[in-house]
Amino acid sequence: MPEQTHLTGLTEPELIAFAGNLGEPHYRGRQIFGALQHRRLRSFDEMTDLPLAFRAKLAERATAATLTLESRYVSEDGTRRYLMKTHDNLPVETVFIPEERRDTICFSSQSGCPLQCTFCLTAQLGLLRSLDAGEIVEQIIFALNDAYGPGVKTPRGVNLVGMGAGEPFLNFEPLLKALRIMADPQGLFIVPNRVTISTAGVVPRIRELATIADRPHLAISLAAPTDELRNELMPINKRWPLEELLAACKEFEKSLKPSERFTFEYVMLDGINDSDEQARQLANLLNRHALRAKVNLIPHNAADPLPYFPSPPERVESFKTILESKGVHAFVRQPRGRDIYAACGQLAARREKLILPQLKQDRNAVIPG
Ligand code: SAH
């Protein structure tokens, strides 16, 4: 069978050209784009406004959807995690996070991840492969359909975060293409201003992102205030150490809009990176570069068998107070979906729910002995 084209990964002009190659007029391409991206259909059979013969021709050469759902987990807090698989049987995870004002979808850029951050479960998978643009867009279509109903207009704004499995900046072109497709007003119409991409610190791509007019927001995972500790926790730091990373951030800062800031994420690991001294080092580091940034403090999410624990709440508070006393904006991020392995650093294609200590106790209570 000839290689099938995944139409969800094509822009509208590309779909018009695709239809043209099949001897069809331009409007057919636009029609398919609308069916996939606006009506969020996932099969040609559902595109009943296309002639039957054309649908048959499409089905021979192309696919409307390639991801299949393996499991769906719903957290006590309403967060949903979808474990899907690609046509070549690799795991892809996406998380839907309902929020008061708007909902957030966290998508993956790769299956697995090549970076070896010691505190992150995804690292244990290694890199399986990068996802293509269609596989990125499809995650969002899938989550929207599950949350609101197939094709149903989203009741309020949706934000996207590229904070799932993988390092987005090691899959840069497909990522940008996916963002272009999703921004199309004839399709999903989720503009880059609603998107935040997180990187572990791929310096050349941070500099490149700054040159893109219609770019998403940027978040950078820091995890340590010194090279010594960061080398240990995030080996990517050996390739691009803190001074180089922050110099790139300084460059990126020039592209910020007046009210925009970029974000540093700082996972808080009990006894490792959460002391008052380390808070002062972090504040001094950011102040030395005079960066227009804020820091999100993320208490570590359980990642058994990794040897880490979350910093206790009073430690997080003390860390935050020190940052603020030195003029650094700091926020504590509330973890979502921890019980279903949907929180930051927990995406590792787990096929079970997490037994929270609370639940464990309950269980012990009913098991004699
Ligand atoms: N590779 C990119 C995208 C992943 S974002 C990056 O590193 O930025 C995932 C975020 O979760 C990162 O900020 C990471 O530092 C954080 N994280 C990883 N493992 C975690 C864990 N177990 N608990 C809390 N945060 C974690």
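Just follow the structure's listing: the first ligand is 1, and inside any ligand the first atom is 1. Nothing fancy with the numbering, it's 1 onward along the sequence.
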Return yes when G166 approaches ligand 1 closer than 4.0 angstrom through a heavy atom, no otherwise.
->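 For ligand 1, residue contact (heavy atoms, under 4.0 Å) with G166 is present.
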State if C117 counts as touching ligand 1 under the rule of any non-hydrogen atom under 4.0 Å.
-> no
To check your reading of the model: name the closest protein heavy atom to [atom], its residue, and the distance in Å.
| atom | answer |
| --- | --- |
| atom 6 (C) of ligand 1 | S221 OG, 3.4 Å |
| atom 22 (N) of ligand 1 | H300 NE2, 2.9 Å |
| atom 25 (N) of ligand 1 | C344 CB, 3.4 Å |
| atom 10 (C) of ligand 1 | E265 OE2, 3.9 Å |
| atom 23 (N) of ligand 1 | N301 N, 2.8 Å |
| atom 19 (N) of ligand 1 | G345 CA, 3.0 Å |

Which ligand 1 atoms are under 4.0 Å away from a heavy-atom of [X]?
| X | result |
| --- | --- |
| M163 | 4 (C), 5 (S), 9 (C) |
| G164 | 4 (C) |
| T199 | 6 (C), 8 (O) |
| C120 | 18 (C), 19 (N) |

Heavy atoms, side chains only, cut-off 4.5 Å: are L218 and F169 in contact?
->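 L218 reaches F169 side chain to side chain.
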So is there a nitrogen or oxygen of P299 less than 3.5 Å from a nitrogen or oxygen in ligand 1?
->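 N/O-N/O distance under 3.5 Å: no.
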Using distance alone, determine whether V267 and ligand 1 share an N or O pair under 3.5 Å.
-> no
Ligand 1 contact on F119 by region, counting heavy-atom pairs under 4.0 Å |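 Both backbone and side chain.
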Just one of T66, T8, T94, T86 clears the side chain to side chain donor-acceptor pair (under 3.5 Å) bar with E138, so which one?
-> T66
From the list E253, K250, E243, side chain to side chain donor-acceptor pair (under 3.5 Å) partner of H289 resolves to E243
Would you say H26 has more than 12 foreign heavy atoms packed within less than 6.0 Å of its NE2?
-> no
Do you see a donor-acceptor pair shorter than 3.5 Å between the side chains of T199 and E167?
->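 On atom types as modelled, these side chains qualify, holding a pair under 3.5 Å.
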What are the two closest non-hydrogen atoms of P174 and L131, and how far apart are they?
->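 The pair with the smallest heavy-atom distance is CB-O, 3.8 Å.
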Residues R30, E12: salt bridge by 4.0 Å N-O rule |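 Salt bridge: no.
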Out of V332, D276, L297, which residue meets the side-chain contact (heavy atoms from CB on, under 4.5 Å) rule with F319?
->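 Passing option: L297.
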Picking from I197, V202, I206, T263, what satisfies side-chain contact (heavy atoms from CB on, under 4.5 Å) with I220?
-> I206
Spell out, yes or no, whether L36 and I136 are grouped together once hydrophobic residues are joined by side-chain heavy atoms under 4.5 Å, including indirect joins.
->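 Looking at the clustering, I136 is in the same group as L36.
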